[in-house]
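Read through the structure below, which is laid out as C-alpha cells, and then see the notes.
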Amino acid sequence: MSSLSLYDTLTRTTAAFVSIKEGEVGIYLCGATVQAPPHIGHVRSGVNFDILRRWLSHSGYNVTFIRNVTDIDDKILHKAVHEELPWWAVAMKYEREFSEAYAALNVLAPTYEPRATGHITQMIGLMQILIEKGAAYAPGNGDVYLEVRKLSSYLTLSRQKLDDLQPAADAEATSSEKKDPRDFALWKAAKPGDPSWPTPWGPGRPGWHLECSAMAHQYLGETFDIHGGGLDLIFPHHENEIAQSEAAGYGFAQRWMHNAWVTTSGEKMSKSLGNSLQVHELLKSVRGIELRWYLGSAHYRSMLEFSHEALAESATAFKRIEGFLNRSVEILSVVPTPVINEAFTDAMNDDLAVPTALASISESLKVGNNAITAGDKAVIAQAANEIRGALSILGCDPFDPAYATSGNSDELVAALDGVIALALEQRTAARERRDFAASDSIRDGLASLGIIIEDTAQGPRWSITGNGSR
RNA sequence: GGUCGGAUGGCCGAGAGGCGAGGCAAGGGACUGCAAAUCCCUCUACACGGGUUCAAAUCCCGUUCCGACCUCCA
C-alpha cells in the first residue's frame with residue numbers, strides 16, 4: 001500500500017507527507033478577494049484543494065480547513081466607487097457569489113471562513129510584535145512597513161534575489177517613507193473617504209498580505225501543515241506572508257502547494273476576457289457536477305486550457321460513467337457503497353495524480369459494463385462501488401445530496417415516471433405490431449423533450465438528458 | 001534583465017531511461033426493426049539539432065516557440 005506524497009513549492013520536489021500532529025492536518029487556503037464575480041479559474045483552485053481535503057480525510061486525517069475571504073482591498077474600494085455602493089456591500093455581494101459557485105461545484109464548506117475585516121485586532125497584534133522585534137517600522141505617516149532586507153530567508157519560496165526584482169511600480173509614490181523601495185506595507189494609512197480602523201499608528205486599513213498571516217495564526221497556530229493558493233500568489237503574497245510570520249517568530253506553513261491556471265488561448269485568464277467564463281454563465285450549459293469533473297480532471301499543477309468543446313466532451317465522458325451507475329442501481333436495486341480501490345489510492349497518493357486516477361475509473365467502468373452484459377451482479381456491484389468511491393473523492397458523486405436538484409420532488413418524479421410509462425406502453429404495442437413509424441414517433445417526441453429512450457433486454461428505460469429542444 | 005513552467009497521436013491528457021496510461025473523436029465489427037446504450041477491433045505520438053547510453057519521449061548541451069511571476073491576480 002502506497003502512502004501520500006505531495007509536491008512542495010518551497011523545495012520543488014515531491015516528498016512524503018507527514019503531518020505535524022498525528023492524525024491532524026491544518027490547511028490554509030488563500031481564498032477570494034471579493035471584488036468581482038467568480039470565474040472558473042477561481043473555482044479551479046477551490047476544487048483542487050477540495051480534492052486534497054477529501055483525500056486527506058479519506059486517508060484518516062482530521063482536517064481543519066481554513067479558507068479566507070479578503071473583504072477589504074484597493075480593488076474593492078475602487079469597485080465601490082464605480083458601482084456606487086458601500087465597499088462592504090460590494091464585498092458581501094461577491095462573497096455570496098463565490099459561496100454560490102463553490103456550492104454549485106460541491107466544494108465543501110471550510111471548517112472556518114474568516115474575513116479580513118473581522119481580524120483587525122489580530123493584525124494590530126502581529127504588527128506590534130513585528131515592530132518590537134525590529135522587523136517592521138512605522139515612519140509616522142500612518143503606514144506600517146516590513147523591512148525586507150533584514151530577512152535572510154526572504155524570497156526563498158520564489159527563489160529570487162531582492163536586488164533582481166524590478167522596482168515596484170508604485171515605488172515613486174510611496175517610497176519616500178520606506179527604508180527600501182521593496183519594503184511592503186503591512187498597514188496603510190487612511191486616505192480621505194477610505195474605511196479605516198484605529199491603530200497605535202493612526203487610522204488605516206490592512207495591506208494585502210497581513211490578514212493571511214494573522215488569520216492563519218489565529219486558527220491554525222504558529223506552525224501548520226499546508227498552505228495553498230494559486231500560482232500567482234507565490235510572489236508577492238505568500239513570500240510576504242512568510243516574511244511577516246517568520247519575523248514574528250512563527251514556524252508558519254510546513255508545505256506550500258499551488259494550483260495552476262485555467263487558460264484561454266494559451267493565456268492566463270483575466271478580467272478582460274469578459275463574462276463568458278464566469279461560473280454562473282457556464283452553469284447554463286453544463287451541470288455543476290460536470291463543470292467540477294472538467295476542472296478536476298487535469299492535474300492541479302498543470303495548466304488547463306479551457307474550451308467549450310473540451311468542456312462538452314468532458315461532460316459527455318462523465319455522463320457515460322453516471323449512466324453506468326444509474327443502470328447498476330436499476331439492476332441491483334441498491335445505491336452503490338463507496339469503495340476506494342488500490343489503483344485509485346496509488347494514483348491519489350502520488351501527489352494527487354487525478355488523471356491517472358481517472359484511468360482507474362475507466363478500468364472499473366469497462367469491467368462493470370461487461371458485467372451488465374454478462375448479468376454478473378457481484379461484479380456490477382463491485383465496479384459501481386469502486387466508481388462511486390472514486391467519484392466521491394473527486395467531489396463528483398452523483399448520489400451526493402449536494403447535487404440533488406431542487407424542485408424534483410418524489411411525487412413529481414413518480415408522476416413523470418407514470419406518464420412516460422404510458423407512452424412507452426403505446427410504443428411497445430406499436431413495435432409488437434411492427435408499426436415502426438408510430439413507435440419511432442413516440443421516441444422522437446420524447447427525445448425532443450429531453451427524454452431519451454433506450455431498449456434493453458429488460459425492456460425500455462428512460463432518462464433525462466437535460467438538453468431537450470424546448 | 002531576474003525567477004519559474006511548458007511543447008506528447010485528429011483533440012484532451014498521463015508518464016520521466018527499456019515493457020507504447022486513459023479518455024474523446026474517427027473508421028470497422030457485434031447487438032438492434034432502426035436507433036440508443038454497451039462490447040470488440042483499428043489508427044500510435046513525444047518541438048528541433050547534437051550528445052551520453054546496449055537502450056532516450058524520459059538524462060546532458062544547444063536552438064526555436066508558448067506561457068507565468070517580478071509588490072495588492074486563483
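Given the structure is predicted, the values throughout are model-derived calculations rather than measurements. Side-chain atoms are counted along with the backbone in the values below, which use heavy atoms only and exclude waters and symmetry mates.
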Touch class at under 4.0 angstrom, heavy-atom based, for A:Ile361 against every strand present: nothing
Phosphate contact (B:C39 OP1 or OP2) by A:Lys366 side-chain N/O below 4.0 Å: no
Plane angle bin for A:Tyr294 and A:Phe306 - parallel if under 30°, tilted between 30 and 60°, otherwise perpendicular: perpendicular
N/O donor-acceptor pair, side chain A:Asn370 with base B:C40, under 3.5 angstrom: no
Of residues 389-398 of chain A, the positions that come close to RNA chain B - non-hydrogen atoms, cut-off under 4.0 Å: none
Under-4.0 Å side-chain N/O to phosphate OP1/OP2 contact, A:Arg320 with B:U38: yes
Distance test, side-chain N/O of A:Ser302 to OP1/OP2 of B:A14, below 4.0 Å: yes
Touch class at under 4.0 angstrom, heavy-atom based, for A:Asn259 against every strand present: base
Sugar-phosphate only, base, or nothing, as touched by A:Asn48 at under 4.0 Å among non-hydrogen atoms: nothing
Ring geometry between A:Trp256 and A:Phe252 (parallel below 30°, tilted from 30 to 60°, perpendicular above 60°): tilted
Touch class at under 4.0 angstrom, heavy-atom based, for A:His299 against every strand present: sugar-phosphate
P spacing across the pair B:G20 / B:A56, given as an integer number of angstrom: 16 Å
Sugar-phosphate, base or nothing in reach of A:Asn369, heavy atoms under 4.0 Å: sugar-phosphate
Which residue lies more 5' along RNA chain B, comparing A:Met303 with A:Arg461 via nearest heavy atoms: A:Met303
Option from A:His227, A:His258, A:Arg301 for which side-chain hydrogen bond (donor to acceptor under 3.5 Å, both in side chains) with A:Thr9 holds: A:His258
Touch class at under 4.0 angstrom, heavy-atom based, for A:Ile234 against every strand present: nothing
Touch class at under 4.0 angstrom, heavy-atom based, for A:Arg327 against every strand present: sugar-phosphate
No-H, no-angle donor-acceptor pair, A:Asp163 side chain to B:G2 base, under 3.5 Å: no
Aromatic plane relationship, A:Tyr300 with A:Phe49 - under 30° parallel, 30 to 60° tilted, over 60° perpendicular: tilted
5' priority, RNA chain B, between A:Tyr154 and A:Arg443 [closest heavy atom]: A:Arg443
Charged tip of A:Lys179 within 45° of A:Tyr145 ring normal and under 6.0 Å: no
Distance, C1' atom - from B:A57 to B:A21, rounded to whole angstrom: 14 Å
CG-CD distance between A:Leu210 and A:Gln244, expressed to the nearest 0.5 angstrom: 5.0 Å
Touch class at under 4.0 angstrom, heavy-atom based, for A:Ala185 against every strand present: nothing
Touch class at under 4.0 angstrom, heavy-atom based, for A:Val262 against every strand present: base
Sugar-phosphate only, base, or nothing, as touched by A:Lys161 at under 4.0 Å among non-hydrogen atoms: nothing
Rounded P spacing from B:C34 to B:A25 in Å: 23 Å
A:Arg301 vs B:G6: side-chain N/O to OP1/OP2 distance below 4.0 Å: no
Sugar-phosphate only, base, or nothing, as touched by A:Arg434 at under 4.0 Å among non-hydrogen atoms: sugar-phosphate
Involving RNA chain B, stems made of at least three consecutive Watson-Crick or G-U pairs, both distances under 3.5 Å: B:1-7 with B:64-70, B:10-12 with B:22-24, B:26-30 with B:38-42, B:47-51 with B:59-63
Sugar-phosphate, base or nothing in reach of A:Gly41, heavy atoms under 4.0 Å: base
Distance, P atom - from B:C54 to B:G23, rounded to whole angstrom: 37 Å
Check: A:Tyr28 ring centre within less than 6.0 Å of A:Phe65 ring centre: no
Touch class at under 4.0 angstrom, heavy-atom based, for A:Ser360 against every strand present: nothing
